[in-house]
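Working notes, structure below.
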Number of protein chains: 2
Amino acid sequence: MSHGGARKGAGRPKGQGQYGEPTKPIRLPESLIKSVLKFVKNKGYQLPLYGSKISAGHPSPAEDDIDRHIDLNEHLIKHPTATFFVRASGNSMINAGIHENDILIVDRSLQPQHGKVVIAAVDGQLTVKRLHKENDKLFLMPENPDYSPLEITEENEVYIWGVVTNVIHSV
Amino acid sequence: MSHGGARKGAGRPKGQGQYGEPTKPIRLPESLIKSVLKFVKNKGYQLPLYGSKISAGHPSPAEDDIDRHIDLNEHLIKHPTATFFVRASGNSMINAGIHENDILIVDRSLQPQHGKVVIAAVDGQLTVKRLHKENDKLFLMPENPDYSPLEITEENEVYIWGVVTNVIHSV
DNA sequence: ATAGTTGATTTCTGTACTTTAATCAACTGT
DNA sequence: ACAGTTGATTAAAGTACAGAAATCAACTAT
């Protein structure tokens, strides 16, 4: 009086889970569970990055043109604990591609070297400038002919916060 | 012959876990476990966004100036399944803040309306232009005086891929 | 006294196990 | 014959439980 029985194909099919693949229980801090579930739902925000050439037709950019998939956080933020964002104001760095209200990604763990764009505090105001070293003198150089360089001396209290790595501009 | 015994303060202290807060086991797809652990280690990539004013001194940008904490993915990508990235080439949109090699964030779920910056396929080549509607005619407008507008007609095979929402520029 | 040892206690952590879900095939009634 | 029912089977999902870790206080030896 047997029903069913051992046979191929019986049982719940594989890949029927919500993720279509095997899962494992992992302990997560409660405060992050919500955002982790969102993160997982979006497959870790791994989105395709295309080049500029696409094959003809228009079903979708050609698969073979996909350079790779990237996650903005991982791609832009190398030192998460040392990184912060600043909203840019003014247009003294317009020629470096920094516009009013852009979001600047600042990495505090990078050395502010000659030629780097840095965030500096001048008179209690954050400002973006390119750091320029010349004959042991340090300058904060704007990249806009309407503005003047500022030399960093003992007198003026200038503190360099970090190095700007990327600019996020809203079109 | 008893040692220890029930008493206040005995036992492993609370908040001694690696996250300093209660945890819960959650099932995750195996392929994403690695990146989820990274995500959790970085506290969900929630980083502070500062304004441009800071209080004097230089221990750290004043706490009260923190607008909020943001996650780049959540902030920039509203429709994860419809979003992709394209690397910009050429400088026909320089006046819109789009430079060579910038990464463009493109949302395919947004309507390409008049005035929006769009990604279009022209002759099998991806191009960025501003969409311009005038008397029922559609144009792809460069934002660089050295380039000319292109009218979208039945003849030329122009397909609009999506709307550019943000530009990521490396300094 | 004082330092080290040991049992009791509490929390943390990973995974084993139970419950639920989905499918197949034999069985049953019309 | 055909549709519906039921047991067997396998996979998925959530949780309970056992072992590890950390701390306290009584005990012990010096």
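Below, read A as the first sequence line, B as the second, and so on, with proteins coming before strands; counting in each chain starts at 1. Predicted, not measured: the structure shown is a model, and the values here were computed from it.
In terms of the side-chain contact (heavy atoms from CB on, under 4.5 Å) criterion, residue partners of Asn95(B) (sequence neighbours excluded) are, by chain and number, Glu143(B), Pro145(B). With sequence neighbours left out, the side-chain contact (heavy atoms from CB on, under 4.5 Å) criterion links Lys14(B) to no other residue. Partners of His79(A) under the ring pair (Phe, Tyr, Trp, His ring centres under 6.0 Å) rule, at least two apart in sequence or in another chain, do not exist in this structure. Shown here are the side-chain contact (heavy atoms from CB on, under 4.5 Å) partners of Ser148(B), two or more places apart in sequence or in another chain: there are none. Applying the ring pair (Phe, Tyr, Trp, His ring centres under 6.0 Å) test to His75(B) and every residue at least two apart in sequence or in another chain returns nothing. In this structure, the side-chain contact (heavy atoms from CB on, under 4.5 Å) partners of Gln113(B), at least two apart in sequence or on a different chain, are Gln111(B), Lys116(B). Not a single side chain to side chain donor-acceptor pair (under 3.5 Å) links Arg12(A) to another residue, sequence neighbours left out.
Contact check of residues 31-44 of chain B against DNA chain C (heavy atom, cut-off under 4.0 Å) returns no residues at all.
Taking the screw axis at each terminus of the helix from dA1(C)-dT30(D) to dT30(C)-dA1(D) from five consecutive base pairs, the angle between the two is 30° to within rounding of 10 degrees.
The six-membered or imidazole ring of Phe85(B) lies away from that of Tyr50(A), with a centre-to-centre distance of 6.0 Å or more.
Through direct or relayed side-chain contacts under 4.5 Å between Ile, Leu, Val, Met, Phe, Trp and Tyr, Val118(A) connects to Leu110(A), Val122(A), Leu131(A), Leu138(A), Leu140(A), Leu150(A), Ile152(A), Val158(A), Ile160(A), Val163(A). The hydrophobic cluster analysis finds Ile94(A) isolated: no Ile, Leu, Val, Met, Phe, Trp or Tyr side chain comes under 4.5 Å of it, directly or through other members.
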A correct 5'-to-3' footprint of nucleotides 12-17 of chain D, with B, S and - meaning base, sugar-phosphate only and no protein heavy atom under 4.0 Å, is SBBBB-

